[in-house]
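Reminder, nothing fancy here: chain letters follow the sequence lines and each chain counts from 1.
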Protein chains: 2
Amino acid sequence: MARRTPLRWRDIAEDILRRIESGDLAPRDGSAVRRRLPPEKDLESYYGASRNTIREALSYLQQRGHVISEQGKGTFVVDRPGTVHVTLSGAELGLAPGSGSGEGYHRFALVPGHREVTVSPVKVEVQVGTEVIGRYLQTDAELISRHQELFLDGRPWALQTSFYPLDFATKGASRLLSPRGIPEGAVAYLREALGYTEVGFHDEIKARVPDENEKRFFGLGESAADAVFETVRTAYAPDGRAFRLTVTVWPADRTRLHYNDGQVPDDVLKAPGAERPGDTPPESPSPGRGS
Amino acid sequence: MARRTPLRWRDIAEDILRRIESGDLAPRDGSAVRRRLPPEKDLESYYGASRNTIREALSYLQQRGHVISEQGKGTFVVDRPGTVHVTLSGAELGLAPGSGSGEGYHRFALVPGHREVTVSPVKVEVQVGTEVIGRYLQTDAELISRHQELFLDGRPWALQTSFYPLDFATKGASRLLSPRGIPEGAVAYLREALGYTEVGFHDEIKARVPDENEKRFFGLGESAADAVFETVRTAYAPDGRAFRLTVTVWPADRTRLHYNDGQVPDDVLKAPGAERPGDTPPESPSPGRGS
DNA sequence: TGGGATTTGTTCGTATGTATG
DNA sequence: ACATACATACGAACAAATCCC
């Protein structure tokens, strides 16, 4: 007979996963930061398979986001951080914790337990309007871009870049060029400095594969679970002009976005995602397994 | 010498991708449905690498969603269908094309060019309230679930399941149990039959790896690009009770979700994503390549 | 600081299985 | 039945990164 069972690597992968979850493989070690799997050589003899087959199984688990291998170090169990819920609409919201220390681009409501939002210094650049950005902002003039890294409880949370017409800075809102934050929030500052009121916005949401910079910041890998959300918010003034564009990138594996419309109960507004269990979605009734 | 360059498989992968995009490899054939790559054996001799190394490169391209290999047939270029823009909020929207033929769970605005929404028969089930669904609907009674496949211009577009308390059907809205659609839309029907008005909703958005059923329906593979959006809409009545839960799954590689809030120009409401180029997002200023 | 041991990464060769045409 | 083409599996060697004494 050729081999013990067909799809040996898959059986091995599933067994490894089972043993990880049962705590058998890779037990928690008080001192170690990450749970480590036995070296490939050990798995080789344990399963009586060749190293290549073991690697096939590990590669599968890595692709699925369960483990990560690092040359010279070993293979480690991936611990995904807890889910963060972010509400991006619902005018009734007050300024939630953090939106003041950020730039007030979005109003946030977070599940209780999360508290401290910190931000990197703002990286300010003046750019010639990209074709793409021009389409959103309906201008081809130069733009100010303000880029910031956001942290929640000290952990990477989002990457955010806002674009404004350069006009704004030369016509009164000079602090848009300052790398220091705008503590009262950019929205409030623009109203005060230019009389610009934000009366509405449009959000576009996509999910995509992270680029290298995003992978590094969020600690994402190559697995299918390691996608990012990209939200593009266009803010409008009363005259219908778009005057701000904010692009935010969020790690999709630990982020839920929330929108409200019309009359919604208070507790839902304030604590989206609260008291909802982790990862078991209301599932579709799994239509027949048609082969 | 051991080998020409290190990371041979990656060089090969990138070269293959370049040649695919230039149309050199896998030219379009009028008769063939899909562009096909040369067999591994040919690539082996072309690149002077072993078959395993070629497979390493192809595996990488497959993981990234550029190609798909099928046993006995060959390796094919993946053509991703055009992007579909869907607006999920903005009360000013009329019933856009398709929302009538669907169940009116969502109001859609689509980019011009897309027209015809078709739907599968509704699969109706009565379930004991899952723990999870109960959390959303705040009931532990039995639920009606209505599941449907949605097609746009004949192509798989979304999977949608709505949940209602079983009460509704026994107290007047009996058509909720009918596998035929509810042409005027479930929202209108419930208002008419039960006096239930929908005054607000809450949406929760996640991105995740598709399950087997979703992979089959949308034609997704194992690549990181093959994620799905899952939106969970909770609809509220004037008394603050949640009375409907709709779970919709969208293929993330070809779907953009849109939300509006406040005053937004008409053209943005009606044609989200229109006249915006394909895939070049307004990019963050790529912070230093920190090692 | 150095050098050997450990561990994963890359590449090759080869053989056989399975699906397709 | 046969050829083609991808899938799985084994064995082996060396490279590269890290760890440890």
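Partners of B:P38 by side-chain contact (heavy atoms from CB on, under 4.5 Å), not counting sequence neighbours, listed by chain and number: B:L25, B:D42, B:L43. Applying the side-chain hydrogen bond (donor to acceptor under 3.5 Å, both in side chains) rule to A:R10 yields the partners A:E14, A:Y60; only residues at least two apart in sequence or on another chain are considered. For the side-chain hydrogen bond (donor to acceptor under 3.5 Å, both in side chains) test, no residue two or more places apart in sequence or in another chain qualifies with A:T255. In this structure, the side-chain hydrogen bond (donor to acceptor under 3.5 Å, both in side chains) partners of B:E70, at least two apart in sequence or on a different chain, are B:R34, B:K73. Evaluation of the ring pair (Phe, Tyr, Trp, His ring centres under 6.0 Å) rule for B:F76 yields no partner, not counting sequence neighbours. The side-chain contact (heavy atoms from CB on, under 4.5 Å) test applied to B:N52 returns B:S50, not counting sequence neighbours. Scored by the side-chain contact (heavy atoms from CB on, under 4.5 Å) test, A:A227 finds A:A252 as partners (sequence neighbours excluded). Residues forming a side-chain hydrogen bond (donor to acceptor under 3.5 Å, both in side chains) with A:S59 (at least two apart in sequence, or on another chain): none.
For the residue pair A:P179 and A:V124, the shortest heavy atom distance occurs at CA-CG2, 3.8 Å.
Listed by first then second residue, pairs satisfying salt bridge (Lys or Arg N to Asp or Glu O under 4.0 Å) with a partner in residues 51-65 of chain B read B:E40-B:R51, B:E40-B:R55, not counting sequence neighbours.
Nucleotide C:dG9 holds its P atom 14 Å from the CZ atom of B:R10, rounded to whole Å. Rounded to an integer number of Å, the gap from CD of A:E40 to C1' of D:dC10 is 15 Å. A straight line from CZ of B:R8 to C1' of D:dA16 spans 19 Å, rounded to a whole angstrom. Rounded to whole angstrom, the span from the CZ atom of A:R34 across to the P atom of C:dT8 amounts to 12 Å. Rounded to an integer number of Å, the gap from NZ of B:K41 to P of D:dC6 is 10 Å. What separates CG of B:L43 from P of C:dC12 is a distance of 14 Å, to the nearest Å.
Only at 4.0 angstrom or more do the heavy atoms of residues 56-68 of chain A sit from any atom of DNA chain D, so none qualifies.
Within the structure, every side-chain polar atom (N or O) of B:R55 is placed at least 4.0 Å from both OP1 and OP2 of D:dC6. The phosphate of C:dT8 has OP1 or OP2 within less than 4.0 Å of a side-chain N or O from A:T75. Between A:T53 and the phosphate of D:dC10, there is a side-chain N or O to OP1/OP2 separation shorter than 4.0 Å.
Side-chain contact of B:Q148 with B:S120: a donor-acceptor pair under 3.5 Å is absent, judged by distance alone.
With C:dC12, C:dA19, C:dG9 as the candidates, the nucleotide lying closest to the side chain of B:Q71 is C:dA19. Closest approach to the A:W9 side chain among C:dT8, D:dA9, D:dC6 is made by D:dA9 (side chain taken as heavy atoms from C-beta onward).
Pairing for C:dG17 goes to D:dC6, judged as Watson-Crick or G-U wobble with the two contacts each under 3.5 Å.
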Show me the protein contacts with nucleotides 11-13 of chain D, counting only N or O atoms at under 3.5 Å.
| residue | atom | partner | partner atom | Å |
| --- | --- | --- | --- | --- |
| D:dG11 | O6 | A:N52 | ND2 | 2.4 |

Would you tabulate the nitrogen or oxygen pairs shorter than 3.5 Å linking the protein to nucleotides 19-21 of chain D?
none

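Classified by interplanar angle (parallel below 30°, tilted 30° to 60°, perpendicular above 60°), the ring pair B:W250/B:W157 is perpendicular.
A:R36 comes within contact range of the sugar-phosphate backbone alone, with a heavy-atom separation under 4.0 Å but no base atom that close.
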